[in-house]
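In what follows, chains carry the letters A, B, and so on, assigned in the order in which the sequence lines appear, proteins first and then strands, with residues in each chain numbered from 1.
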There are 2 protein chains.
Amino acid sequence: MRISAKGDYATRAMQELAMHYNRGPLPIEAIAGRQQIPVRYLEQLLLILKRAGLLESKRGVKGGYYLAKPPNQITVGQIIRLMDGPPAPIFCVDPASHDKCPVEAICGFQSVWDEVHQAVAGIIDKTTLEDVCHRAMLKLEPGAATYRI
Amino acid sequence: MRISAKGDYATRAMQELAMHYNRGPLPIEAIAGRQQIPVRYLEQLLLILKRAGLLESKRGVKGGYYLAKPPNQITVGQIIRLMDGPPAPIFCVDPASHDKCPVEAICGFQSVWDEVHQAVAGIIDKTTLEDVCHRAMLKLEPGAATYRI
DNA sequence: TAATTCTTGACTAATTCAATAGAGTTAGTC
DNA sequence: GACTAACTCTATTGAATTAGTCAAGAATTA
Ligand code: FES
Ligand code: FES
């Protein structure tokens, strides 16, 4: 019932990159600094996101990471699933799990946990990085028209 | 985003006791056997539930545990909070947490996680053991009018 | 070529989780 | 009143996961 540091870090890093969309690569250090994430740890997470096709990168001077797709085509669900696995609260309601629950036949909770699963999946799968950026904008000083780098 | 074995075991044990409501104490062994839970582990969980006022117990021969209240006055949320803590996916949306999130001012995810929190809490807090028993009944053989002990 | 930045895999410390163990207490039964 | 079924409490363990660190290397640009 909880998002790991991995999921937390990865989502916030993605917000940072979404805010910077179409403004060239953003180096790991910049993301880590602004979002207060340990650099050496963030390295690993960005690599996972890259391998999954959500990010692209450029090495060397002026290099860094950037989104592989527009922010409105990346959902929070994609990031969380990658980092924390499926949002099912228990394996017996995880569509991806093939194990059969030994007490399924007498358990009244399966449908409860399934409701929870659907509720969570519904939220994270409909929320895109674009939405997240809008929400972040609303938090900034009313005067600040754009995101400060 | 997941229920621990502790929460899983505790909820299933409570279902078992709810099914047996008003039929005298149910010994730990009986619960553990039917629900396939390690006996010595279940002992600890039932004690926690007892200390929280959800269960009462009777020692000695013919002793065991029984619900302290009718099944419709015990919610799944009470059990889960006891075992797995608050259903908030991250501390910054946990009303009980007093720590301030260091990136709150620039984070677009707070409201997303809060939606998740509300959704989960809404489900587990409105679902009672009575509901769970009904759901379990529906799973049993259509012919079986009552719960087999 | 030198500086910068990503890439990769290995490694470790700390914590949590799930379970086990054992000694003790209470309540009925015969 | 001994015997036994059953709950009570604390401690300990082993495995797994989590969170984070480290070192060496490869690509890019100035
Ligand atoms: S625990 Fe698996 S169906 Fe309830
Ligand atoms: S991580 Fe705390 S507000 Fe987003």
Side-chain angles (χ1 to χ4, degrees), chain A residues 1-13 16-17 20 24-33 35-68 80 82-86 89-91 102, chain B residues 1-13 16-17 20 24-33 35-68 80 82-86 89-91 102:
Chain A
M1 218 67 89
R2 123 167 208 288
I3 289 167
S4 67
K6 213 169 153 188
D8 174 32
Y9 291 164
T11 46
R12 298 212 322 267
E16 205 61 24
L17 288 162
H20 204 259
L26 199 54
I28 297 183
E29 291 264 9
I31 303 171
Q35 290 286 345
Q36 305 189 36
I37 303 171
V39 186
R40 312 299 297 264
Y41 194 43
L42 184 56
E43 286 178 2
Q44 300 178 64
L45 308 185
L46 295 181
L47 235 2
I48 295 173
L49 291 161
K50 180 183 175 177
R51 293 199 187 106
L54 299 184
L55 292 183
E56 286 173 12
S57 63
K58 208 181 158 200
R59 294 209 252 203
V61 180
K62 288 248 179 179
Y65 282 92
Y66 50 95
L67 297 190
I80 288 297
L82 211 51
M83 296 298 155
D84 288 351
I90 194 169
F91 76 96
Chain B
M1 218 69 90
R2 122 167 208 291
I3 288 166
S4 67
K6 213 169 153 188
D8 173 32
Y9 291 164
T11 46
R12 296 210 326 262
E16 204 62 24
L17 288 162
H20 204 257
L26 200 54
I28 296 182
E29 293 263 10
I31 304 171
Q35 289 287 346
Q36 305 189 35
I37 303 172
V39 186
R40 305 303 300 267
Y41 194 44
L42 183 56
E43 285 178 5
Q44 303 177 54
L45 307 186
L46 295 180
L47 270 193
I48 295 174
L49 291 162
K50 180 183 175 177
R51 293 199 189 107
L54 300 185
L55 292 182
E56 286 173 11
S57 63
K58 205 177 162 209
R59 293 212 253 201
V61 180
K62 287 244 178 185
Y65 282 92
Y66 50 96
L67 296 191
I80 288 297
L82 212 51
M83 296 297 155
D84 287 351
I90 195 168
F91 77 96

* Taking the side chain of A:Val61 as its heavy atoms from C-beta onward, which of C:dC6, D:dA30, D:dT8 lies nearest to it? -> D:dA30
* What is the distance, rounded to the nearest whole Å, between atom OH of B:Tyr65 and atom P of C:dT26? -> 14 Å
* What do you reckon, is CD of B:Glu56 surrounded by more than 12 foreign heavy atoms closer than 6.0 Å? -> yes
* To do: Just compare D:dA19, C:dT4, C:dA19 and give me whichever is closest to any side-chain atom of A:Ser4.
  => D:dA19
* Do you know the tightest heavy-atom contact between B:Ala32 and B:Val39? -> CB-CG2, 3.8 Å
* Whether over 12 other heavy atoms sit under 6.0 Å from A:Glu43 CD -> yes
* **B:Lys50 side-chain N/O to D:dT8 phosphate OP1/OP2 under 4.0 Å** => yes
* Asked: From the list D:dA19, C:dT8, C:dG28, which nucleotide is the closest neighbour of the side chain of A:Tyr41?
  -> D:dA19
* To do: Indicate whether OP1 or OP2 belonging to C:dG28 is found under 4.0 Å from a side-chain N or O atom of B:Lys58.
  => yes
* **Per B:Pro27 side chain, nearest of listed nucleotides D:dT21, D:dC7, D:dA19** => D:dC7
* Nearest to side-chain heavy atoms of B:Ser57, which nucleotide of D:dT8, C:dT7, C:dA18 -> D:dT8
* Rounded to whole angstroms, how far apart are CD on B:Glu43 and P on C:dG24? -> 16 Å
* Distance in Å, B:Asp84 CG paired with B:Ile3 CD1, rounded so as to fall on 0.5 Å steps -> 7.0 Å
* **Check: D:dT10 base within 3.5 Å donor-acceptor of B:Gln44 side chain** => no
* Would you kindly give the NZ-to-P distance between A:Lys6 and D:dT18, to the nearest whole Å? => 7 Å
* B:Ile90 CD1 to D:dT18 C1': how many Å, rounded? -> 15 Å
* Asked: Distance check: side-chain N/O of A:Arg51 vs OP1/OP2 of C:dT8, anything under 4.0 Å?
  -> yes
* Asked: Can you check whether B:Leu49 reaches B:Leu17 side chain to side chain, under 4.5 Å on heavy atoms?
  -> no
* Between C:dA27 atom P and B:Arg59 atom CZ, what is the distance in whole Å? -> 6 Å
* **Listed nucleotide nearest any side-chain atom of A:Ala5, set C:dA18, D:dG20, D:dA27** => D:dG20
* **Between C1' of C:dA18 and CD of B:Gln36, the distance in whole Å** => 17 Å
* **Atom-pair distance (CG on B:Leu17; C1' on D:dA6), nearest Å** => 15 Å
* Hey, does A:Glu29 reach any base, or is it just sugar-phosphate, or nothing, if we go heavy atoms under 4.0 Å? -> nothing
* Report which part of the nucleic acid A:Leu46 touches: base, sugar-phosphate, or nothing (heavy-atom distance under 4.0 Å, all strands). => nothing
* How do B:Leu42 and A:Leu47 order along DNA chain C: which one's closest nucleotide is nearer the 5' end? -> A:Leu47
* Measure from CG on B:Leu45 to P on D:dC9 and round the result to the nearest Å. => 15 Å
* Does the base of C:dA18 carry an N or O that pairs as donor and acceptor with the side chain of B:Arg40 under 3.5 Å? -> no
* In Å, rounded to the nearest 0.5 Å, how long is the span from CG of B:Leu55 to CD1 of B:Ile48? -> 11.0 Å
* Asked: Has B:Tyr66 got a side-chain N or O lying under 4.0 Å from the OP1 or OP2 atom of D:dA6?
  -> no
* Any side-chain N or O of A:Tyr9 under 4.0 Å from OP1/OP2 of D:dG20? -> yes
